[in-house]
Every structure is written in C-alpha cells, then in structure tokens.
Chemist: 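For reference, the structure I am asking about is given below.
First the proteins, then the strands, lettered A, B, ... as listed; each starts at 1.
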Amino acid sequence: DAGVIQSPRHEVTEMGQEVTLRCKPISGHDYLFWYRQTMMRGLELLIYFNNNVPIDDSGMPEDRFSAKMPNASFSTLKIQPSEPRDSAVYFCASSLDRGLTEAFFGQGTRLTVV
Amino acid sequence: AQKITQTQPGMFVQEKEAVTLDCTYDTSDPSYGLFWYKQPSSGEMIFLIYQGSYDQQNATEGRYSLNFQKARKSANLVISASQLGDSAMYFCAMREGFGGTSYGKLTFGQGTILTVHP
C-alpha cells in the first residue's frame, strides 16, 4: 500500500481565498483523523471520522473550517475564507478499527496564507 | 476529557547513552492505548511503540521501551544506546477505548525535542 496520501504537499494562498486539502487513507482503514501542527499550539486534533461518519469535531477552530468524508477512500478539509493564522502543517492519518491500533500519517500539507 | 502532558520541552543526551522522555496522561476510561511517535526534521510522523492499558508488561521495540506505570498515569519512553539519528521531536499520544464517549479518539502531547550529541 502507498500509505496515507495527502495533496497538495504545499499550498500558498492569499487571505480570503478558499483552500481545500485532500486525503486518501490507507485502504481498509476505518478511522481518519485531521490534525493541525503549529509551533505555538503543537499537534491539534481537528476532527476524526469512523466509517465515514464524523465522530468528534470539537477541535475545529471555527465555522470557516469544514471536513467531509464522502467515501471510505477520500476526505477533504476546507477553509473558507482562509486567514494568515491558518498557516500550519495539516496532517491526515488513518487507522484500522481493530482495537486501539496505531494511526499512520500522511506527509502533511504545509499551508501558507499570505 | 483526555489530556496528555509532556513536561520536557527539550532534552539532551550523549551518543550511546540512554534517555527517558516523560509523559503523563489523564483519563477516567479503563480502556485506552498509549503511543509514542517520532517526528524528525523532515516532518513525517513515525510510529514507535504502543502500550495498552490492560497490558501487564511494558512494551518494547528494539531500542525503545515504554515504562508504563498505570497507577501514576505515566508512560515514559526509554531510548537505549542513543544514536545521532534519534535527534527529533517525540510525541506521546493516547487513544480512547471502550467506555468513553469518543472511542478511537487519538490526542497528542506537546512533544519533546531530543538532541543527541556525538
């Protein structure tokens, strides 16, 4: 398997623009997590899904952020409108639903909002 | 709510020496999993080791071992015979198990930067 695939790897956008980050989890994995990493706040869980259903979105910072998982092999994290403080590395991770197994991470998307 | 605490922002160790990275957690759930991840300067997140709350013995994976003290709610990572390539950020994480409202939720501590000196 190719692992968790995120796209794009880097994104530079202007403030106010819509940004869409994409994630393809490992085939057969039932859980999908979205994290944001910054120097100030560390690695924050934004939202996670189980079998395509959002379970906990309490980490989503505000209404400008939304996430979807239309099927088992694809998820998006959208920011609209983007702001400079959204600049961060966004990670997607997936895991099996078989006990408390480890999550496998994608390479991350480095987002810069100017 | 889950909480993971790593109190050491940075640690230094001499090559070939052992080092312990601290992690404490807080949960009221009887079932949970504890993890350590490594993030080198290249940015990827690498899974190192796992400990289940019901496991009787401490987990080990090569040079990594997890010193699990359930009563004290601590899950320290021990790296033996440190190598230069061990220099990285290390994260402790906890996953919620059965009995919690957010089964499967995986949250991370703030991380510890480990620097290995030659």
Chemist: Could you state whether A/L77 and A/M15 fall into the same hydrophobic cluster, counting links through intermediate Ile, Leu, Val, Met, Phe, Trp or Tyr residues with side-chain heavy atoms under 4.5 angstrom apart?
Modeler: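 Same cluster: A/L77 reaches A/M15 through Ile, Leu, Val, Met, Phe, Trp or Tyr contacts under 4.5 Å.
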Chemist: Is it true that atom NZ of B/K70 has more than 12 heavy atoms of other residues, nucleotides or ligands lying nearer than 6.0 Å?
Modeler: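 Counting other residues, nucleotides and ligands, NZ of B/K70 exceeds 12 neighbours.
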Chemist: Rounded to the nearest 0.5 Å, what's the gap from CZ on B/F108 to CD on A/E44? Could you check?
Modeler: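 Taking CZ in B/F108 and CD in A/E44, the distance rounds to 12.5 Å.
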Chemist: Ignoring hydrogens and angles, tell me if any N or O in the side chain of A/Y31 forms a donor-acceptor pair with the backbone of B/K105 under 3.5 Å.
Modeler: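 Side chain of A/Y31 to backbone of B/K105: no pair is present.
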Chemist: Answer yes if B/V78 and B/Y90 sit in the same cluster of Ile, Leu, Val, Met, Phe, Trp and Tyr residues linked by side chain heavy atoms under 4.5 Å apart, and no otherwise.
Modeler: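 No: no chain of side-chain contacts under 4.5 Å links B/V78 to B/Y90.
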Chemist: Determine whether A/F104 and B/M45 satisfy the following criterion, side-chain contact (heavy atoms from CB on, under 4.5 Å), listing intermediate values before the conclusion.
Modeler: CA-CA 8 Å; A/F104 295 85; B/M45 292 287 287; over 6 Å; no
Chemist: Run the side-chain donor-acceptor check on residues 105-114 of chain A: report pairs under 3.5 Å with partners two or more places apart or on a different chain.
Modeler:
{"unit_1": "A/T109", "atom_1": "OG1", "unit_2": "A/P8", "atom_2": "O", "d": "2.5"}

Chemist: Please look at A/N50 and chain B and tell me whether the side chain, the backbone, both or neither of the residue comes under 4.5 angstrom of a heavy atom of that chain.
Modeler: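 It is neither, since no heavy atom gets under 4.5 Å.
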Chemist: Are there more than 12 heavy atoms of other residues, nucleotides or ligands under 6.0 Å from atom CZ of B/R63?
Modeler: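 Counting other residues, nucleotides and ligands, CZ of B/R63 exceeds 12 neighbours.
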Chemist: Please classify the contact between A/Q37 and chain B as side chain, backbone, both or neither, with a heavy-atom cut-off of under 4.5 Å.
Modeler: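 Side chain only.
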Chemist: Spell out the residues in residues 62-75 of chain A that have some non-hydrogen atom less than 4.5 Å away from a non-hydrogen atom of chain B, in order of number; otherwise answer 'none'.
Modeler: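 Within residues 62-75 of chain A, no residue comes under 4.5 Å from chain B.
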Chemist: Rounded to the nearest 0.5 Å, how far does CZ of B/F35 lie from OG of A/S95?
Modeler: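 The OG atom of A/S95 sits 8.0 Å away from the CZ atom of B/F35.
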Chemist: Look up atom CD in B/Q39 and atom CG in A/L43, then write down how far apart they are to the nearest 0.5 Å.
Modeler: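 Here the interatomic distance stands at 7.0 Å.
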Chemist: Tell me whether A/F49 is reachable from A/Y35 by hopping between hydrophobic residues (I, L, V, M, F, W, Y) whose side-chain heavy atoms are closer than 4.5 Å.
Modeler: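 Result: no, two separate clusters.
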Chemist: Is B/L77 linked to B/L34 within one hydrophobic cluster, defined over Ile, Leu, Val, Met, Phe, Trp and Tyr using a side-chain heavy-atom separation of less than 4.5 Å?
Modeler: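 Both belong to a single hydrophobic cluster.
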Chemist: Linking I/L/V/M/F/W/Y whenever their side-chain heavy atoms sit closer than 4.5 Å, directly or via other members, would B/Y32 and B/L48 fall into one cluster?
Modeler: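 Hydrophobic grouping puts B/Y32 with B/L48.
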Chemist: To the nearest 0.5 Å, what is the distance between CG on B/L106 and OH on A/Y48?
Modeler: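 Rounded to the nearest 0.5 Å, the CG-OH separation comes to 9.5 Å.
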Chemist: Report the C-alpha separation of B/Y50 and A/E102 in whole Å, then their side-chain angles, then the decisive distance to 0.1 Å, and conclude whether the side-chain contact (heavy atoms from CB on, under 4.5 Å) test is met.
Modeler: CA-CA 7 Å; B/Y50 162 79; A/E102 71 271 24; 5.6 Å; no
Chemist: How close do B/G97 and A/L100 get, heavy atom to heavy atom, and via which atoms?
Modeler: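 Closest approach of B/G97 to A/L100: CA-CD2, 3.8 Å.
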Chemist: Can you check whether A/T101's main-chain N or O pairs, donor with acceptor, with B/R95's side chain at less than 3.5 Å?
Modeler: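 At least one qualifying donor-acceptor pair exists.
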Chemist: If every non-hydrogen atom of A/L45 is compared with every non-hydrogen atom of B/T107, which pair is closest and at what distance?
Modeler: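 Shortest heavy-atom contact: CD2-CG2, 4.2 Å.
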Chemist: Is A/M40 in contact with chain B via its backbone, its side chain, both, or neither, using a 4.5 Å heavy-atom distance?
Modeler: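 Backbone only.
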